[in-house]
Amino acid sequence: MDPLSLFSAESRAYFSAAFGAPTRAQALGWPPIARGESTLILAPTGSGKTLAAFFWAIDQLTRGAARARSPSHEATRVLYISPLKALAVDVERNLRAPLAGIPAAANVTVGIRTGDTPAGERARMAKHPPDILITTPESLYLLLTSDARKILANVETVVVDEIHQLVNNKRGAHLFLSLERLEALRPKGAKPLQRIGLSATQKPLAETARLLGGYVDGAARPVTVVDAGEQK
């Protein structure tokens, strides 16, 4: 099956014109992500794994973005977490191309919340949450422990980039706790968060997947592991 067949016609046209064929990380990562499964993707640097996570999320947002955004419809649905502020800024910049290139994405909004975000912008974001919010583990913690946490109640997809930097350290422990707090914000009866982890180096994958998925009722949440490293 052509992995691009999972996407809308507009998204397919943009991707084919901009990138040609999907990379291995994208071709292997998109099917489980499209099925709604939490997914951990291991792939080399420069393999397009960040776009593998974001392109599906953008496609889903465009399918619901034909109507104009209004205050009653504003809600953050995709949360991207970077361990580095510089990477968060780069990702925000890189999202401009697909959002500009896919006509239905004209109404999709992106915001960035880090320690460098001015107070005025934070206040504006609390009133008008973006569809996609880019942040860091520390800023996510502050959001979840403030009145602004209400903007995260409708998050459906969480992307954790460079997850290997957040395993077996205090930053990671705080982040995985924050993911459980985020899960607890979900409306009653809502589907669990889709968690997507991205890494170029982290092994063993099973342990990282366990940390990414967390536990519910004493059992580990399922996470599909996609090893998109170089073929042997």
Calculate, to the nearest 0.5 Å, the distance between atoms [atom1] and [atom2] belonging to [X] and [Y] respectively.
{"X": "Leu152", "Y": "Leu133", "atom1": "CG", "atom2": "CG", "value": "6.5 Å"}
{"X": "Glu92", "Y": "Leu99", "atom1": "CD", "atom2": "CG", "value": "9.5 Å"}
{"X": "Ile58", "Y": "Phe7", "atom1": "CD1", "atom2": "CZ", "value": "9.5 Å"}
{"X": "Asp90", "Y": "Leu95", "atom1": "CG", "atom2": "CG", "value": "11.0 Å"}
{"X": "Leu143", "Y": "Arg181", "atom1": "CG", "atom2": "CZ", "value": "12.5 Å"}
{"X": "His174", "Y": "Leu179", "atom1": "NE2", "atom2": "CG", "value": "13.0 Å"}

Margin query: side chain to side chain contact (heavy atoms under 4.5 Å, CB included) for Phe15 and Leu51? Distances and angles first, verdict last.
Written below: CA-CA 10 Å; Phe15 190 94; Leu51 187 60; 3.8 Å; yes

Any side-chain heavy-atom pair of [X] and [Y] under 4.5 Å:
{"X": "Lys85", "Y": "Asp116", "answer": "yes"}
{"X": "Val158", "Y": "Gln194", "answer": "no"}
{"X": "Val226", "Y": "Pro32", "answer": "yes"}
{"X": "Asp131", "Y": "Val78", "answer": "no"}
{"X": "Trp56", "Y": "Thr157", "answer": "no"}
{"X": "Val160", "Y": "Ile196", "answer": "no"}
{"X": "Thr76", "Y": "Ile132", "answer": "no"}
{"X": "Ile81", "Y": "Thr135", "answer": "yes"}

Give the cluster check for [X] versus [Y]: same hydrophobic cluster or not, with ILVMFWY residues linked at side-chain heavy-atom distances below 4.5 Å.
{"X": "Leu84", "Y": "Tyr80", "answer": "yes"}
{"X": "Leu142", "Y": "Phe176", "answer": "no"}
{"X": "Tyr215", "Y": "Leu40", "answer": "no"}

Main-chain N/O of [Y] paired to [X] side chain as donor or acceptor, under 3.5 Å:
{"X": "Gln60", "Y": "Ala57", "answer": "no"}
{"X": "Arg122", "Y": "Thr114", "answer": "yes"}
{"X": "Arg113", "Y": "Ser139", "answer": "no"}
{"X": "Thr117", "Y": "Ile112", "answer": "yes"}
{"X": "Trp30", "Y": "Ala52", "answer": "yes"}
{"X": "Ser16", "Y": "Ala13", "answer": "no"}

Which atom names give the shortest non-hydrogen contact between [X] and [Y], and what distance separates them?
{"X": "Pro137", "Y": "Leu166", "result": "CG-CD2, 4.1 Å"}
{"X": "Leu205", "Y": "Leu42", "result": "CD2-CB, 3.8 Å"}
{"X": "Ala228", "Y": "Pro44", "result": "O-CD, 3.8 Å"}
{"X": "Arg63", "Y": "Leu6", "result": "NH2-O, 3.2 Å"}
{"X": "Ala25", "Y": "Ala43", "result": "CB-CB, 3.7 Å"}
{"X": "Ala88", "Y": "Ser82", "result": "N-OG, 3.7 Å"}

Check: Of Ile41, Thr201, Leu212, Leu198, which is the lone residue that meets side-chain contact (heavy atoms from CB on, under 4.5 Å) with Ile163?
Finding: Leu212

Item checked: With Glu156 via salt bridge (charged side-chain N to carboxylate O under 4.0 Å, His left out) - residues at least two apart -> Arg77

Next item on the list: Write out all pairs satisfying salt bridge (charged side-chain N to carboxylate O under 4.0 Å, His left out) with one or both partners inside residues 135-155, taking only residues at least two apart or from two chains.
Entry: Glu138-Arg171

Next item on the list: Please collect all side chain to side chain donor-acceptor pair (under 3.5 Å) contacts where either partner lies in residues 33-53, sequence neighbours excluded, each pair once.
Entry: Arg35-Glu37, Glu37-Thr224, Thr50-Asp161

Check: Does the pair Phe55 and Phe19 meet the rule for a side chain to side chain contact (heavy atoms under 4.5 Å, CB included), with working shown?
Finding: CA-CA 12 Å; Phe55 200 66; Phe19 304 105; 5.6 Å; no

Checklist line | Whether over 12 other heavy atoms sit under 6.0 Å from Tyr141 OH | finding: no

Next item on the list: Go through Arg195 and Glu180 one step at a time and tell me if the salt bridge (Lys or Arg N to Asp or Glu O under 4.0 Å) criterion holds.
Entry: CA-CA 11 Å; Arg195 308 179 186 203; Glu180 294 308 313; 3.0 Å; yes

Checklist line | Derivation and outcome, side chain to side chain contact (heavy atoms under 4.5 Å, CB included), residues Thr208 and His164 | finding: CA-CA 8 Å; Thr208 306; His164 59 275; over 6 Å; no

Check: Could you walk me through whether Val159 and Leu79 pass the side chain to side chain contact (heavy atoms under 4.5 Å, CB included) check?
Finding: CA-CA 6 Å; Val159 179; Leu79 183 66; over 6 Å; no

Checklist line | Charged N-O contact under 4.0 Å between Lys191 and Glu183 | finding: no

